[in-house]
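Numbered from 1 within each chain, the chains take letters A, B, ... in sequence-line order.
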Amino acid sequence: MSGEYNPAAIREKWQAYWDQHKSFRALNPGDPSFDASKPKSYILDFFPYPSGAGLHVGHPEGYTATDILARYKRMKGFNVLHTMGWDAFGLPAEQHALETGQHPAITTTNNINTFRRQLKMLGFSYDWDRELSTTDTDYYKWTQWIFLQIFNSWFDETQKKARPIAELPIPADVKSRGDKAVREFVDAHRLAYLAEVPVNWCPALGTVLANEEVTNEGKSERGNHPVFKRPLKQWMLRITKYADRLADELEELHWPEAVKLMQRNWIGRSEGAQVRFQIAPSPSEGEGRGEGHDFIEVFTTRPDTLFGATYMVLAPEHPLVEKITTPDQRAAVQAYCHAAANRSELARAADAKEKTGVFTGGYAINPVNNEPIPIWVADYVLMGYGTGAIMAVPCGDQRDFEFATQFDLPIVVVVRPPDAWLANHNVTFDEYVANPGALSKGFVDDGVSINSGPITGLPTQEAKKKITVWLEERGLGRRTINYKIRDWLFSRQRYWGEPFPILHGPDGEIVALDESDVPLTLPEISDYHPTVTHEGDEEVPAPPLGRATEWATVTRNGKTYRRELNTMPQWAGSCWYYLRFCDPKNASRFVGKEAEQYWMQSKKKDGTHHVGGIDLYLGGAEHAVLHLLYARFWHKVLYDLGHVSTIEPFGRLFNQGMIRAFAYYDKRGVYVPSDEVTIGEPVTVPYVGGFDSQALQDAIKSGLTKQEIQDFVGTAKTSFYYQNEPVFQSVEKMSKSLKNVVNPEKVVNEYGADSLRLYEMFMGPLEASKPWNPRDVPGVFRFLQRVWRLLVDENTGSISTYIDNAPAGGPPDALERLLHKTIKKVGEDIERLAFNTGISAMMEFVNEAYRAKSIRMDQAERFVLVLSAFAPFITEELWQRLHGAAWKTSIAYEPWPVFDPALVEDDEVEIPIQVNGKLAGRLLVSKTAPQDAVQATALADPKVMEKLAGKPVVKAIYVPGRMLNLVVKG
RNA sequence: GCGCGAGUGGCGGAAUUGGCAGACGCGCUGGAUUUAGGAUCCAGUGGGAAACCGUGGGGGUUCGAGUCCCCCCUCGCGCACCA
């Protein structure tokens with residue numbers, strides 16, 4: 001090898017070495033030579049879906065960050081668990097199979113091979129012996145096993161935890177009704193159950209879709225086919241039982257607050273009251289209607305406004321609509337409900353500005369004042385939330401207010417707004433009460449109850465409590481908690497997923513396979529298309545697994561059973577992979593107890609256990625809600641059943657920001673090719689700020705001239721040119737259509753893996769969304785070249801002449817001090833995932849050593865150690881070269897260098913001298929210098945004297961080692 | 001509409017607790033070396049001739065504000081009739 005820095009050759013050499021020596025194998029408790037005295041660190045990436053496109057630059061961003069931390073922790077003496085696997089079930093491979101006929105397993109294997117090869121190029125220190133794929137039989141065996149645990153348990157409300165189904169108490173009256181009744185009772189309490197639920201049904205794809213697989217236009221994300229809401233019998237997981245724990249137990253986690261908030265919002269816990277409204281005989285209809293026990297139950301968070309309830313609204317799907325509607329309103333109501341049924345929920349929400357609705361002709365009795373109030377049907381009330389019916393209080397709710405003003409329904413003010421609010425809206429209290437509809441908005445916040453019987457005069461919070469008690473005493477209502485979260489729709493009509501370990505008996509009996517019967521492997525089929533069958537008029541999904549007729553039929557004890565033909569959603573495999581990584585080869589358990597306890601339990605500084613065991617879980621924000629919520633739910637079930645030892649899986653969570661791309665467009669808003677844009681003199685040109693290019697083009701098309709638009713929008717500075725015309729820079733998502741996708745493999749080939757790693761970390765804060773600038777990559781490459789030339793003689797390839805072989809020790813020189821600072825700074829920055837500033841500190845050190853053209857051998861070694869967490873390839877090579885014949889093994893387990901706190905602090909510092917807060921001069925002083933000495937020196941400084949202009953100092957603020965501020969009058 | 005986050009040179013960004021704004025890198029300018037350079041090295045680089053002015057805009061607190069408070073603007077993300 002010649003002496004020049006050759007990243008490609010170095011990469012190949014060390015990649016092979018690490019592979020051969022299994023350098024990053026992590027030992028488990030019980031393994032020979034496992035060192036139990038070391039602390040552990042479990043550092044985990046969101047595992048990828050191995051798509052056909054291979055790695056994009058977003059993958060290495062997170063993976064490099066965790067790799068730096070993993071390498072650092074290893075050098076700090078931790079046992080590190082750092083692993084990689086594949087979330088490989090899912091729709092793309094199946095779609096590919098539909099198009100090409102290639103089995104999804106083949107596509108998946110090919111894609112995994114590409115991903116693995118590309119990841120290995122980047123030098124990540126994964127324990128590749130622990131690699132797993134959710135599609136491995138050995139893996140999904142245990143996914144099915146966990147499903148069986150969920151299926152075979154129920155939620156005990158008193159203990160607030162899951163328990164084995166065998167422990168479910170069966171009420172005597174159920175028992176007395178026989179085996180079938182008992183079976184149905186049990187099935188109705190399982191955490192996994194079959195239910196008829198409204199789902200997103202896409203006939204063209206032949207499958208049910210999750211909400212997030214449906215676009216805002218009510219089309220399928222794949223293929224853009226229409227999607228309808230319809231009831232279907234599907235597998236559900238009872239996640240709602242865990243709503244409180246999922247919300248409350250977020251508290252202790254070291255997670256971004258934004259993610260916690262998103263999860264809490266998704267769970268959507270709100271406290272209020274359920275209130276019963278009797279249905280009244282309609283005045284126009286006379287007697288005979290609404291007799292018996294008919295009542296409408298509503299949920300409200302504002303029971304204090306009950307006296308202002310002037311009408312009620314039912315969702316169009318509400319079961320009582322038909323009963324309540326009077327004959328003369330029937331046609332209108334039916335038409336309205338029919339129209340609502342044919343619009344997706346999303347379409348209904350889209351035109352939320354316009355309230356629609358129709359009067360049923362029926363009335364209900366307001367339980368607090370016995371007033372009859374009209375019952376309407378309107379689609380702003382959703383069947384899926386609360387009871388599907390509301391009491392409408394126009395004065396306390398913005399939507400009710402809008403509806404009331406639109407349909408001219410009475411508005412009764414029952415909450416007195418604060419005076420400030422009234423003043424803000426230019427009305428007096430009397431004017432507001434007399435005519436609240438005159439304003440464009442009602443008052444919906446907390447105030448003081450008025451015209452409200454027993455709660456009149458009480459502030460909102462107290463009024464809520466008192467009226468709830470009042471209702472409870474009279475049997476009219478009770479305190480309730482409502483959640484937005486729904487049970488988890490857990491089945492898909494697809495081939496490429498985990499089969500359910502479930503049999504259906506001839507009489508509708510649901511039978512789970514024994515634990516010893518899993519894995520239930522996917523059968524081979526020749527056609528992956530889902531289809532529909534017809535049951536009467538109904539289209540019923542026929543999942544592709546139905547084609548495996550032999551597989552699907554099972555005979556037991558002379559009875560014929562049909563296998564469940566649905567498969568599990570892609571989320572299933574990712575719900576527990578972090579547990580399998582602890583013990584991936586275990587054949588008898590989903591994870592060995594000892595391994596689980598070692599890797600998943602994490603101690604806090606005070607010695608107590610952290611609620612969640614994984615020390616760092618890092619990935620994109622796109623999984624902020626669903627994946628993390630589902631995985632937490634499974635984990636809690638496993639905890640309740642005694643299978644895992646922590647209540648939460650992910651102690652610390654971090655979201656990396658998205659890497660985007662610069663894009664350039666000209667004054668007409670047309671994109672120009674990025675690689676032909678040049679930088680020139682900054683000029684000020686008319687600019688269409690606030691427009692994106694599409695909006696701009698639309699504006700031009702709609703008749704505005706370029707000049708008119710420019711006059712309207714002002715000017716901006718640009719220094720980018722395309723064909724001598726100034727162009728504007730914007731930041732966009734990388735996309736195939738804009739042709740701005742950066743391929744990491746190309747960057748590796750051009751600059752080396754270390755440069756790619758370093759650049760991705762140097763771009764900016766890990767959590768920030770930031771643009772990829774190809775122009776900046778050579779900067780970090782040059783840094784690595786400088787490191788190389790500092791330590792290696794380019795002509796001979798032996799150790800550089802800059803290296804001074806003086807023994808370590810002796811009086812600390814400036815470089816030694818800087819090295820100690822660098823070691824401290826880089827270590828701290830790694831811990832807080834601030835890699836960009838750590839890299840800049842290393843650059844400063846190299847610049848300094850380079851300026852001096854001299855570095856001691858022991859300093860060189862310590863610096864290489866620090867750099868090795870970031871740039872593993874070049875540092876392995878340098879480590880070997882620095883040691884010559886004495887070299888033994890990889891740098892990866894060398895101890896992280898220690899810094900001396902005394903050498904990190906400078907004794908003498910330059911501090912600013914300010915006069916009235918403005919800089920007047922600088923002074924080199926001892927850190928511990930007393931104020932009077934510093935002040936005396938400062939006052940003698942000519943520049944300071946000039947600033948003071950002879951005025952007396954009335955006050956002086958001195959922060960030792962930081963600054964001195966002299967305050968003068970005037 | 002509601003919630004969260006952000007706005008700093010020509011560009012990416014730094015400033016961890018209210019204490020020298022612009023670290024580090026890119027780009028640019030000048031010089032050295034070189035047959036040549038998209039290589040390397042050295043120096044300079046917020047604006048302004050200067051006094052001074054400068055962290056989206058306006059106000060405030062403070063000896064002192066990029067950082068804290070109030071109002072507004074812009075961008076990004078999330079939720080979106082959740083009663």
Salt bridge (Lys or Arg N to Asp or Glu O under 4.0 Å) evaluation trace for A:Lys746 with A:Glu750: CA-CA 6 Å; A:Lys746 259 173 107 174; A:Glu750 202 164 340; over 6 Å; no
[N] phosphate, OP1 or OP2, under 4.0 Å from [X] side-chain N/O:
| X | N | answer |
| --- | --- | --- |
| A:Arg786 | B:U40 | no |
| A:Arg775 | B:C28 | no |
| A:Asn836 | B:A14 | yes |
| A:Lys825 | B:A15 | no |
| A:Arg264 | B:G3 | no |
| A:Ser270 | B:A83 | yes |

Go ahead and name the base partner of [N]; Watson-Crick or wobble counts if both distances stay under 3.5 Å, otherwise write none.
| N | answer |
| --- | --- |
| B:G1 | B:C79 |
| B:G18 | none |
| B:G37 | none |
| B:U45 | B:G27 |

What contact category does [X] fall into here, base, sugar-phosphate, or nothing, at under 4.0 angstrom with non-hydrogen atoms?
| X | answer |
| --- | --- |
| A:Lys853 | nothing |
| A:Arg832 | base |
| A:Pro765 | sugar-phosphate |
| A:Asn847 | sugar-phosphate |
| A:Glu844 | sugar-phosphate |
| A:Phe662 | sugar-phosphate |
| A:Gln785 | sugar-phosphate |
| A:Met963 | base |
| A:Asn965 | base |
| A:Leu261 | sugar-phosphate |

Whether A:Phe403 and A:Tyr311 hold their rings parallel, tilted or perpendicular, with breakpoints at 30° and 60°: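 Ring orientation of A:Phe403 relative to A:Tyr311: parallel.
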Aromatic ring pairing A:Phe863/A:Phe783, orientation class (parallel under 30°, perpendicular over 60°, tilted between):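 Correct class here is perpendicular.
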Distance, rounded to the nearest Å, where A:Trp788 contributes CH2 and B:U40 contributes C1':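 Going from A:Trp788 (CH2) to B:U40 (C1'), I get 17 Å.
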Atom P, compared across B:G57 and B:U8: separation rounded to whole Å: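 Pairwise P distance, B:G57 against B:U8, rounds to 10 Å.
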Any donor-acceptor N or O pair under 3.5 Å, side chains A:Thr240, A:Asp487: yes
Closest-nucleotide ordering on RNA chain B, the 5'-leading residue of A:Met763 and A:Glu910: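 That would be A:Met763.
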